[in-house]
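Working notes, beginning with the structure itself.
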Amino acid sequence: LHKEYRRQRQMCIRDRRGAEKMIQIREMQVRDTNAVAEIERQIFSQPWSRQGFLDAVNLGNTVFLVAEENNRIIGYIGMYLAMDEGEITNVAVAPVERCHGVGGMLLTELLKIAENKGVARIVLEVRASNDSAIRLYERNGFVQCGMRKGFYEFPKEDAYVMVHGH
């Protein structure tokens, strides 16, 4: 990834007031991990630590991207790679930035990178109650293929297993 993914993708979205915002999708770097860990802490009951993101960014078999607006990280996505398979581990958008398509931009870019790397199948888990995330994944070609009972803690909840590809 690190040699192949150097381009930065910029996209324009509209905020709640209708103002245009320029969002940049790029590879996550060490300097981003504080902001990413803070978003993670705001959203998840069992968040990854900054060190967890540092470790992931420094591995050779990962793809971690951030969405940035005016030098501020507003979302991120991560995937581990093994052979021709990927596992999406993290997808998050800062609470005040949701419902503007940032998550879709991140997922779209990740899927393009995965295709370029020859990834044939991508798997993820999502809380069964997370309707907006499930819709996002379905719009992008993921299908539900199973369930993990009691997968999540705080609160205890089942996870749907979703897959993209064969």
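The analysis underlying the following values was restricted to heavy atoms, covering all of them including side chains, and did not include hydrogens, waters or symmetry mates. This one's a predicted model, so the numbers in the text were calculated from it and none came from an experiment.
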Here the gap from Gln29 atom CD to Glu68 atom CD, rounded to the nearest 0.5 Å, amounts to 9.0 Å

Residue pairs passing the salt bridge (Lys or Arg N to Asp or Glu O under 4.0 Å) test with at least one member in residues 79-90, sequence neighbours excluded, are Glu85-Arg121

Begin with the C-alpha distance, continue with both residues' side-chain angles, and end with the deciding distance and a verdict on side chain to side chain contact (heavy atoms under 4.5 Å, CB included) for Leu81 and Val63. CA-CA 8 Å; Leu81 301 169; Val63 178; 3.8 Å; yes

Exercise answer: donor-acceptor pairs, residues 152-159 side-chain atoms, under 3.5 Å, sequence neighbours excluded:
from: Tyr152; atom 1: OH; to: Glu125; atom 2: O; distance (Å): 3.3
from: Glu153; atom 1: OE2; to: Lys156; atom 2: NZ; distance (Å): 2.8
from: Lys156; atom 1: NZ; to: Gly150; atom 2: O; distance (Å): 3.2
from: Glu157; atom 1: OE1; to: Arg127; atom 2: NH1; distance (Å): 2.9
from: Glu157; atom 1: OE1; to: Ser129; atom 2: OG; distance (Å): 3.3
from: Glu157; atom 1: OE2; to: Ala128; atom 2: N; distance (Å): 3.4
from: Glu157; atom 1: OE2; to: Ser129; atom 2: N; distance (Å): 2.7
from: Glu157; atom 1: OE2; to: Ser129; atom 2: OG; distance (Å): 2.6
from: Asp158; atom 1: OD1; to: Gly150; atom 2: N; distance (Å): 2.8

With sequence neighbours left out, the residues meeting side-chain hydrogen bond (donor to acceptor under 3.5 Å, both in side chains) with Ser45 are none

Taken in chain and number order and not counting sequence neighbours, the residues that satisfy side-chain hydrogen bond (donor to acceptor under 3.5 Å, both in side chains) with Asn90 are none

Check your understanding: Are Leu59 and Val57 in one and the same hydrophobic cluster, where Ile, Leu, Val, Met, Phe, Trp and Tyr link if side-chain heavy atoms are under 4.5 Å apart?
Key -> yes

Discussion item. Surrounding CD of Glu115 (heavy atoms of other residues, nucleotides or ligands, distance under 6.0 Å), is the total greater than 12?
Written reply: no

Glu38 meets the salt bridge (charged side-chain N to carboxylate O under 4.0 Å, His left out) criterion, sequence neighbours left out, with Arg41

Separation between CG (Leu65) and CG (Leu110), nearest 0.5 Å, reads 5.5 Å

ask   = Heavy atoms, side chains only, cut-off 4.5 Å: are Val30 and Asn58 in contact?
value = yes

Nearest heavy-atom contact between Ala37 and Ser49 is CB-C, 4.3 Å

Residues passing the salt bridge (charged side-chain N to carboxylate O under 4.0 Å, His left out) test with Arg72, sequence neighbours excluded, are Glu69, Glu97

The ring pair (Phe, Tyr, Trp, His ring centres under 6.0 Å) partners of Phe53 (sequence neighbours excluded) come to Trp48, Tyr76

Sorted by chain and number, sequence neighbours left out, ring pair (Phe, Tyr, Trp, His ring centres under 6.0 Å) with Tyr137 holds for Phe142

Sorted by chain and number, sequence neighbours left out, side-chain hydrogen bond (donor to acceptor under 3.5 Å, both in side chains) with Asn34 holds for Arg50

- Task: For residues Asp55 and Gln51, determine if any side-chain heavy atom of one lies less than 4.5 Å from a side-chain heavy atom of the other.
- Result: yes

Only one of Thr89, Thr62, Ile122 passes side chain to side chain contact (heavy atoms under 4.5 Å, CB included) with Met79, and that residue is Ile122

Taken to the nearest 0.5 Å, the spacing of Asn130 CG from Arg135 CZ works out to 9.0 Å

To the nearest 0.5 Å, atom CD1 of Ile134 lies from atom CE of Met162 at 6.5 Å

Practice item. Apply side chain to side chain contact (heavy atoms under 4.5 Å, CB included) to the pair Ile73 and Arg31, showing each step before the final yes or no. Key: CA-CA 11 Å; Ile73 303 301; Arg31 70 175 189 260; over 6 Å; no

Note to self: side chain to side chain contact (heavy atoms under 4.5 Å, CB included), that's the test. Do Ile23 and Met105 meet it? Break it down for me.
What the structure shows: CA-CA 9 Å; Ile23 306 298; Met105 286 184 222; 4.2 Å; yes

Sequence neighbours excluded, the answer for salt bridge (charged side-chain N to carboxylate O under 4.0 Å, His left out) partners of Glu138 is none

dist Asn140:CG -> Leu111:CG (nearest 0.5 Å) comes out at 6.0 Å

Minimal heavy-atom distance between Leu106 and Val66, with the atoms involved, is CD2-C, 3.8 Å

Scanning both residues in full, the closest heavy-atom pair of Val93 with Ile39 reads C-CG2, 4.3 Å

d(Leu136 CG, Leu107 CG) to nearest 0.5 Å is 5.0 Å

For Val123, the hydrophobic cluster (side chain heavy atoms closer than 4.5 Å, chained through members) also holds Val143, Val161, Val163

